[in-house]
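Take a look at the structure below.
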Amino acid sequence: TDVGVVNNVLKSMDMEPVRWFAEPKYWKTILIAANVWKWSGYNSIVYLAAITNFDPNLFEAAQVDGASRFQQILRLPTPMLTPTAVVLTLLSVGRIFYGDFGMVYGIVGENPILVDAVNVIDTYVYRSMRSLGFSYGTAVGLMQSVLGLILVTLANHAAKKINDGGAVLMRIKKRTGDRIFKIVAVLFVTLFALICLYPLMMVVSVSFSNETEVLLNGYSVFPQAPTLDTYRYIFVNSGAKIARSYAVTIFITAVGTIG
């Protein structure tokens with residue numbers, strides 16, 4: 001805005017103020033900076049918590065052995081912070097297809113000048129639901145979830161290879177314990193899986209349903225007349241827009257994570 005801090009600084013330097021909401025070229029940088037600022041505190045606390053668990057005797061022994069301060073930093077904290085970095089990286093990979101709808105839409109809104117430049121996949125799904133219907137938006141959101149699951153699984157497998165088994169999603173070794181506890185645990189996990197499966201089946205059903213059928217008959221676990229029209233429309237008519245939204249989402253999230 002004309003009364004913002006940056007524009008006031010520019011005016012004090014006899015420079016023209018920038019019309020931020022009319023210049024799409026600045027907004028990727030703005031959203032990346034906002035994303036870095038948003039997650040920097042959380043990541044710093046996680047790393048600080050890991051650092052506080054370091055054994056100070058290791059640093060004293062390294063100092064006695066003649067290691068310089070740079071060698072101590074390179075040889076001691078860096079390897080010990082690797083598991084924490086792996087976990088944070090996996091969490092970031094899980095967010096790479098998540099464009100932070102609240103931040104992007106809250107800042108940009110429905111500005112027609114900026115929509116194409118900063119339209120992440122979450123805002124695209126929201127706008128497509130409003131304009132093209134629930135079936136279309138649900139299908140795009142389902143594709144987003146499937147791609148995110150595949151990416152997290154691959155990243156977890158890579159982390160297990162790189163970090164000598166230090167992955168987040170690991171197989172739990174079987175333990176000898178009370179049989180009743182095992183039965184209760186199995187029932188709890190089964191119930192939890194069914195609770196999670198029901199909304200997933202609803203999402204899949206809506207994505208394979210006709211929009212008119214959804215409006216007339218409501219939602220159902222199984223589509224009454226399954227159709228691929230929604231996915232055909234996505235790949236034929238909207239492929240370029242969806243690809244651009246994914247590209248913007250990945251770029252903002254990835255650069256923000258590295259930053």
Side-chain angles (χ1 to χ4, degrees), residues 4-6 9-10 12-13 25-100 102-104 107 118 120-121 144-145 147-177 181 185 189 246-259:
V5 175
V6 177
V9 173
L10 293 176
S12 66
M13 299 171 63
K25 61 183 179 181
Y26 298 113
W27 278 90
K28 285 188 178 65
T29 304
I30 293 174
L31 293 178
I32 289 171
N35 192 38
V36 172
W37 178 262
K38 176 182 178 180
W39 290 103
S40 59
Y42 171 79
N43 292 338
S44 299
I45 291 174
V46 173
Y47 279 115
L48 183 60
I51 291 174
T52 55
N53 290 324
F54 290 171
D55 187 359
N57 294 326
L58 296 175
F59 294 90
E60 294 177 0
Q63 189 174 5
V64 170
D65 291 339
S68 64
R69 184 59 60 89
F70 178 76
Q71 290 175 330
Q72 293 180 34
I73 295 174
L74 185 63
R75 300 294 182 181
L76 293 178
T78 303
M80 289 188 287
L81 283 175
T82 300
T84 304
V86 168
V87 172
L88 291 178
T89 301
L90 286 176
L91 295 176
S92 300
V93 169
R95 295 195 306 266
I96 201 167
F97 286 113
Y98 167 65
D100 199 341
M103 182 183 72
V104 177
I107 296 176
V118 297
V120 295
I121 191 63
Q144 176 189 6
S145 301
L147 290 175
L149 176 62
I150 294 173
L151 192 60
V152 169
T153 303
L154 294 176
N156 186 74
H157 182 71
K160 191 183 299 184
K161 296 291 185 181
I162 295 172
N163 199 33
D164 296 329
V168 174
L169 307 175
M170 296 184 295
R171 293 182 179 178
I172 301 175
K173 296 182 179 179
K174 294 182 179 180
R175 300 176 180 176
T176 57
F181 175 78
V189 172
Y246 272 119
V248 173
T249 304
I250 293 172
F251 178 77
I252 292 175
T253 307
V255 176
T257 301
I258 295 173

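Worth saying up front: this structure is predicted, and the values here are computed from it rather than measured.
- Applying the salt bridge (Lys or Arg N to Asp or Glu O under 4.0 Å) test to every pair with at least one member in residues 77-89, sequence neighbours left out, gives no pairs at all.
- G66 and Q71 make their closest contact through O-OE1, 4.2 Å (heavy atoms, listed as atom of the first residue, atom of the second, distance).
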Taking distance alone, no hydrogens or angles, what donor-acceptor pairs closer than 3.5 Å link side-chain atoms of residues 44-62 to residues at least two apart or in another chain?
residue, atom, partner, partner atom, Å
S44, OG, S40, O, 2.6
T52, OG1, L48, O, 3.4
T52, OG1, A49, O, 2.6
N53, ND2, A49, O, 3.3
D55, OD1, N57, N, 3.1
D55, OD1, N57, ND2, 3.3

